[in-house]
Chemist: 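The following block contains the structure, expressed as structure tokens.
Note that these values count all heavy atoms, side chains included, but never hydrogens, waters or copies made by symmetry. The sequence lines fix the lettering, A, B, ..., with proteins before strands; numbering per chain opens at 1.
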Amino acid sequence: GPKVLQIPSHQIIDMGQMVTLNCDPVSNHLYFYWYKQILGQQMEFLVNFYNGKVMEKSKLFKDQFSVERPDGSYFTLKIQPTALEDSAVYFCASSLLNANTEVFFGKGTRLTVV
Amino acid sequence: GEKVEQHESTLSVREGDSAVINCTYTDTASSYFPWYKQEAGKSLHFVIDIRSNVDRKQSQRLIVLLDKKAKRFSLHITATQPEDSAIYFCAAPSSNTNKVVFGTGTRLQVLP
């Protein structure tokens, strides 16, 4: 079936450094999302993105976070600078239409900030 | 906005028995209710969904029931097997914002 690819699967980074998480969404999908999960617990919505713009972001989407998808390439989540509490698994997702259609999730990027 | 409550945080059943996980939601306009499975250390895996135009859907050993009046939906896993052990998340879209809201997850353990 359709797949969302996330690169890398694991990333270890020093606190204060910048990190970019990459997501290759399903090719014809129009809506993109990032979620954060700590220790296999709650899936927390971070942000959604459509037509080149952030549509909605949660309070977890701090000022240090940004997303973009330049010219149909990777949909990226950038954290600059990173903090210890940013350690989590970040899941990218995409859907053809809005969230009332099936949302496909990637395998996640495990980010460890040391 | 939408709030999704998942009532069982953990659930243990004997292999071969049925497991039931219950969720409630608040957004009356929600029309799509997916369930996801997450095995230890792995990603989310879509298992089944139900739309608001029906109240029951079955896919092999999985049954989803939807009670729109009570704003409740449930996942029934029949004839459980050890490989059903995982965390199961219910979810619902928020109708006035474009995001999927997840329940807190149910850790299902199927005991031999």
Chemist: State plainly whether one hydrophobic cluster holds both Leu44(B) and Ile21(B), where clusters connect Ile, Leu, Val, Met, Phe, Trp and Tyr through side-chain heavy atoms under 4.5 angstrom apart.
Modeler: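 Shared cluster, no.
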
Chemist: Under a 4.5 Å side-chain heavy-atom rule over Ile, Leu, Val, Met, Phe, Trp and Tyr, are Leu65(B) and Val20(B) clustered together?
Modeler: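 No, no single cluster joins them.
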
Chemist: Looking at Tyr35(A) and Lys99(B), what are the two nearest heavy atoms and their distance?
Modeler: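 Closest approach of Tyr35(A) to Lys99(B): OH-C, 4.1 Å.
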
Chemist: Side chain, backbone, both or neither: which part of Ile87(B) has a heavy atom under 4.5 Å from chain A?
Modeler: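 Side chain only.
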
Chemist: Within a 6.0 Å radius of atom CZ on Arg69(A), are there more than 12 heavy atoms belonging to other residues, nucleotides or ligands?
Modeler: yes

Chemist: Hey, could you give me each pair passing salt bridge (Lys or Arg N to Asp or Glu O under 4.0 Å) that has a residue in residues 12-26 of chain A? Not counting sequence neighbours.
Modeler: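 Non-adjacent pairs meeting salt bridge (Lys or Arg N to Asp or Glu O under 4.0 Å): zero.
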
Chemist: So if I take each residue of residues 43-62 of chain A and look for any heavy atom under 4.5 Å from a heavy atom in chain B, which residues do I end up with?
Modeler: Met43(A), Phe45(A), Asn48(A), Glu56(A)

Chemist: With a sphere of 6.0 Å drawn around CD1 of Ile12(A), does it hold more than 12 non-hydrogen atoms of other residues, nucleotides or ligands?
Modeler: no

Chemist: So with a 6.0 Å cut-off around CD of Glu5(B), is the heavy-atom count from everything else above 12?
Modeler: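 No.
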
Chemist: How long is the span from the CZ atom in Phe91(A) to the OG atom in Ser43(B), to the nearest 0.5 Å?
Modeler: 4.5 Å

Chemist: Examine Tyr25(B) and Val47(B) and state if one hydrophobic cluster contains both, with Ile, Leu, Val, Met, Phe, Trp and Tyr joined whenever side-chain heavy atoms are less than 4.5 Å apart.
Modeler: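 Yes; Val47(B) is reachable from Tyr25(B) via cluster members.
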
Chemist: Any side-chain heavy-atom pair from Phe89(B) and Gln37(A) closer than 4.5 angstrom?
Modeler: yes

Chemist: Applying a heavy-atom distance below 4.5 Å, give me the residues of residues 29-36 of chain B that approach chain A, sorted by number.
Modeler: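 At a heavy-atom separation under 4.5 Å, chain A is reached by Ser31(B), Tyr32(B), Tyr36(B).
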
Chemist: Any chance NZ of Lys3(A) has more than 12 other-residue heavy atoms, nucleotides or ligands included, within less than 6.0 Å?
Modeler: no

Chemist: When you look at CD of Glu83(B), are more than 12 heavy atoms from neighbouring residues, nucleotides or ligands closer to it than 6.0 Å?
Modeler: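 Yes, the 6.0 Å shell around CD holds more than 12 heavy atoms from other groups.
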
Chemist: Are Val64(B) and Val54(B) grouped together when hydrophobic residues (ILVMFWY) are joined by side-chain heavy atoms under 4.5 angstrom apart?
Modeler: yes

Chemist: Surrounding NZ of Lys71(B) (heavy atoms of other residues, nucleotides or ligands, distance under 6.0 Å), is the total greater than 12?
Modeler: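 Yes, the 6.0 Å shell around NZ holds more than 12 heavy atoms from other groups.
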
Chemist: Checking an interface table here. Which of residues 100-112 of chain B come within a heavy-atom distance under 4.5 Å of chain A?
Modeler: Val100(B), Phe102(B), Gly103(B), Thr104(B)

Chemist: Do Tyr90(A) and Phe32(A) land in one hydrophobic cluster if side-chain heavy atoms of ILVMFWY residues count as linked below 4.5 Å?
Modeler: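 Yes, because Tyr90(A) and Phe32(A) connect within a single hydrophobic cluster, where side-chain heavy atoms sit under 4.5 Å apart.
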
Chemist: Look at atom CZ of Phe65(A) and say whether more than 12 heavy atoms of other residues, nucleotides or ligands are closer to it than 6.0 Å.
Modeler: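 Yes, the 6.0 Å shell around CZ holds more than 12 heavy atoms from other groups.
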
